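As the structure is a prediction and not an experimental result, all values here were calculated from the model. What's counted below: heavy atoms across the whole structure, side chains too, no hydrogens, waters or symmetry copies.
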Amino acid sequence: NAGVTQTPKFQVLKTGQSMTLQCAQDMNHEYMSWYRQDPGMGLRLIHYSVGAGITDQGEVPNGYNVSRSTTEDFPLRLLSAAPSQTSVYFCASSYFAEGANYGYTFGSGTRLTVV
Amino acid sequence: KNQVEQSPQSLIILEGKNCTLQCNYTVSPFSNLRWYKQDTGRGPVSLTIMTFSENTKSNGRYTATLDADTKQSSLHITASQLSDSASYICVVRGPSGGSYIPTFGRGTSLIVHP
């Protein structure tokens with residue numbers, strides 16, 4: 001089925017460990033982004049990309065790195081995990097065009113716990 | 001600072017009843033407003049998208065309205081079903097320094113009881 005695929009679905013890390021959350025889409029969407037969702041808060045943008053080779057910071061980028069070498073993939077790297085990064089992470093994608101309005105397609109999320 | 005405020009925070013209704021969720025925003029300039037439904041443990045799914053020139057948009061039993069002058073939107077759910085139990089999120093997008101960072105509300109948690 002077409003859509004956004006996130007792996008893993010669950011992950012437990014120790015403080016200081018690094019890991020990569022994977023995100024892949026097969027809809028040829030130019031725009032991809034990573035959000036974190038914490039209890040009682042709205043989704044907050046971490047990083048986003050408007051095309052292969054182009055990335056930019058969102059609202060809460062510290063502690064995270066991204067790259068976009070292909071249209072399909074947009075991995076999120078945690079450099080040195082901290083308990084404050086315990087959250088549910090969502091990857092989203094959409095078509096991208098100036099002035100156009102496209103809804104996002106979200107992945108099913110990765111639940112990360114840092115102990 | 002751009003803000004999106006949703007009310008109520010949570011709502012419990014009986015199956016078959018109608019309900020209305022509210023979204024107030026301060027995002028300016030304004031590009032579009034979206035409503036998403038998020039089931040527990042799942043990613044959000046788009047319900048409606050409206051530009052500043054649109055007043056209403058329907059998707060089955062879901063009808064979204066927009067008043068760009070007062071910066072208010074509402075999502076009306078007709079003849080609620082148990083499957084409507086979810087969090088409903090209002091998202092407002094406005095160009096921000098050439099980037100495309102939307103502002104998310106915290107959501108309204110809806111519970112539909114049989």
For A:Ser69 and A:Ser67, does a side-chain donor sit closer than 3.5 Å to a side-chain acceptor?
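Short answer, no.
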In a check of side chain to side chain donor-acceptor pair (under 3.5 Å) between B:Ser74 and each of B:Thr63, B:Asn24, B:Thr65, which one passes?
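By the side chain to side chain donor-acceptor pair (under 3.5 Å) criterion, B:Ser74 pairs with just one of B:Thr63, B:Asn24, B:Thr65: B:Thr65.
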Hey, does A:Leu43 have a side-chain heavy atom less than 4.5 Å from the side chain of B:Val91?
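Of all side-chain heavy-atom pairs linking A:Leu43 with B:Val91, none is under 4.5 Å.
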Which atoms of A:Gln37 come close to chain B, meaning under 4.5 Å heavy atom to heavy atom: side chain ones, backbone ones, both, or neither?
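Only the side chain of A:Gln37 comes within 4.5 Å of chain B.
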Heavy-atom pairs under 4.5 Å with chain A, option from B:Gly107, B:Gly43, B:Pro44 with the top count:
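Between B:Gly107, B:Gly43, B:Pro44, the count favours B:Pro44.
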Angle between ring planes, A:Phe106 versus B:Phe104, binned at 30° and 60°: parallel, tilted or perpendicular?
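Rings of A:Phe106 and B:Phe104: perpendicular, over 60°.
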Heavy-atom contact with chain A under 4.5 Å, split by part of B:Gln38:
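When you check distances to chain A, only side chain atoms of B:Gln38 fall under 4.5 Å.
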